[in-house]
There are 2 protein chains.
Amino acid sequence: MEQIEPITRMVTELSHLPGIGHKTAQRLAYHIASMPLDDVRDLAAALWQGRKAIHFCAVCGNYAVEEICDICASAQRHNGQICVVRDPKDVYAMERMHDYQGLYHVLHGTLSPMQGIGPKDIRIQELMDRLQDGSVSEVILATNPDIEGEATATYLARLIKPLGITVTRIAHGLPIGLDLEYADEVTLSKAMSGRREM
Amino acid sequence: MEQIEPITRMVTELSHLPGIGHKTAQRLAYHIASMPLDDVRDLAAALWQGRKAIHFCAVCGNYAVEEICDICASAQRHNGQICVVRDPKDVYAMERMHDYQGLYHVLHGTLSPMQGIGPKDIRIQELMDRLQDGSVSEVILATNPDIEGEATATYLARLIKPLGITVTRIAHGLPIGLDLEYADEVTLSKAMSGRREM
């Protein structure tokens with residue numbers, strides 16, 4: 001006998017998630033099938049209503065509930081500094097260290113000739129637009145310390161320095177190859193303080 | 001800045017699932033937040049509508065969409081054999097070997113004095129009721145080869161043998177301590193064929 005259709009459908013959907021293989025999806029589906037109805041409703045609602053409520057901040061590209069994210073909307077943040085990261089999850093990683101008071105810019109990708117991702121495919125123009133009014137004095141490049149991240153940082157530095165804005169690169173306190181999101185707070189904090197002008 | 005509420009809620013719900021820690025839940029939530037709306041709707045619908053569609057078979061206790069599961073309802077299965085397992089996922093594990101043609105009985109637990117689980121807390125009475133009409137000639141005890149599984153098998157053997165029904169225990173082809181659901185098909189198949197009368 002095959003397993004019943006609702007379970008098969010759960011397994012299919014769950015195994016689309018990153019890091020969830022067929023065996024894990026199977027285990028999760030069987031667990032969910034035994035969960036109280038209310039708990040499954042809460043889980044499904046958290047995913048679907050949550051996803052519906054989230055869009056990208058019109059200024060920085062971070063996840064936001066309103067049109068502008070809490071960080072861009074805050075009067076407490078220094079608007080003279082912009083920290084450039086690849087993904088929204090990297091903003092979360094930076095915020096965890098409770099140290100940085102400037103703003104962010106989320107590129108939603110990094111340059112990758114291998115994968116055909118060029119400057120127009122990520123949010124570089126949006127960053128350049130934000131730098132036009134002269135209020136920003138420093139752009140901190142916090143893309144990951146891998147080939148694409150380094151290439152993107154170099155590209156952005158060449159673009160931004162002619163505007164007379166200080167461009168810094170987050171220090172290589174993190175071991176090469178480790179994604180920003182997996183770094184602990186202390187390492188990230190050291191990498192920030194050791195940043196150097198490009 | 002804290003992360004936005006929809007993300008926090010996703011993380012909370014996801015980390016209730018078995019084997020999903022806070023870091024994994026975080027990673028999944030950030031991924032889901034970036035997924036196309038339609039894909040998240042499909043995922044949430046698979047979980048919620050799937051869960052709503054599933055109940056326990058009125059006969060064997062396995063997952064079912066109808067009142068009676070496909071296995072109990074099938075004319076192809078031998079109704080003289082009942083294989084007793086702990087969980088619905090164990091039925092799936094047994095069915096994967098495409099070898100066994102009898103019926104199942106899902107206990108939904110095993111005896112565990114330590115956790116206060118006695119004979120009335122699992123589906124033992126339902127099993128005894130199925131054995132009353134004399135159509136069953138063999139009960140195969142396929143609870144896991146751990147302390148609770150062995151204790152449950154011994155308890156059931158004592159209860160069923162006086163009815164004149166052959167009681168067998170799945171062979172210990174599986175290494176002690178390995179849950180049924182993680183066994184490969186060959187091992188399971190060997191364990192079935194090597195079963196001995198209790």
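Lettering of chains follows the sequences in order, A, B, ..., and the numbering in each one begins at 1.
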More than 12 heavy atoms of other residues, nucleotides or ligands under 6.0 Å from CD of B:Glu67: is that the case? no
Select one option (side chain, backbone, both, neither) describing which atoms of B:Ser34 are under 4.5 Å from chain A's heavy atoms. both
Counting only non-hydrogen atoms closer than 4.5 Å, does A:Thr24 touch chain B with its backbone (N, CA, C, O), its side chain (CB onward), both, or neither? neither
Could you tell me whether the side chain of B:Arg9 reaches within less than 4.5 Å of the side chain of A:Gln49, counting heavy atoms only? yes
Do A:Ile68 and A:Val91 land in one hydrophobic cluster if side-chain heavy atoms of ILVMFWY residues count as linked below 4.5 Å? no
Taking CG in A:Leu163 as the centre, count heavy atoms belonging to other residues, nucleotides or ligands within less than 6.0 Å. Is the count above 12? yes
Are the side chains of B:Leu17 and A:His31 in contact, using a 4.5 Å heavy-atom criterion? yes
Is the number of heavy atoms from other residues, nucleotides or ligands within 6.0 Å of CD (B:Gln101) greater than 12? yes
Counting heavy atoms not belonging to A:Leu37, are there more than 12 under 6.0 Å from its CG? yes
Rounding to 0.5 Å, atoms CD (B:Glu66) and CD1 (A:Ile4) come to a distance of 10.0 Å
Nearest 0.5 Å, what's the CD-CD distance between A:Gln3 and B:Glu95? 11.0 Å
How far does NE2 of A:His16 sit from CG of B:Asp42, to the nearest 0.5 angstrom? 9.5 Å
Toward chain A, the part of B:Asp39 with a non-hydrogen atom under 4.5 Å: backbone
Would you mind telling me which of A:Ala29, A:Cys69, A:Ala46 has the largest number of heavy-atom pairs within less than 4.5 Å of chain B? A:Ala46
Rounded to the nearest 0.5 Å, how far does CZ of B:Arg51 lie from CD1 of A:Ile32? 10.5 Å
For the student: nearest non-hydrogen atoms of B:Pro6 and A:Ala53, plus distance: CG-CB, 4.0 Å
Closest-packed option against chain A by number of heavy-atom pairs under 4.5 Å, given B:Lys89, B:Arg41, B:Lys52: B:Arg41
Where on B:Ala45 is there a heavy atom nearer than 4.5 Å to chain A: the side chain, the backbone, both, or neither? both
Within the 4.5 Å heavy-atom criterion, are A:Tyr63 and B:Ile7 side-chain neighbours or not? yes
Should A:Ile147 and A:Leu156 be regarded as members of a common hydrophobic cluster, given that ILVMFWY residues are connected when their side-chain heavy atoms come within less than 4.5 Å of each other, either directly or indirectly? no
Assigning hydrophobic clusters by single linkage (Ile, Leu, Val, Met, Phe, Trp, Tyr; side-chain heavy-atom cutoff under 4.5 Å), is B:Val59 placed with B:Met94? no
Which pair of non-hydrogen atoms, one from B:Ala33 and one from A:Ile54, has the smallest distance, and what is that distance? CB-CD1, 3.8 Å
Contacting region of B:Leu47 [heavy-atom separation from chain A under 4.5 Å]: both
Taking every heavy atom of A:Ala44 against every heavy atom of B:Trp48, the minimum-distance pair comes out as CB-CB, 3.6 Å
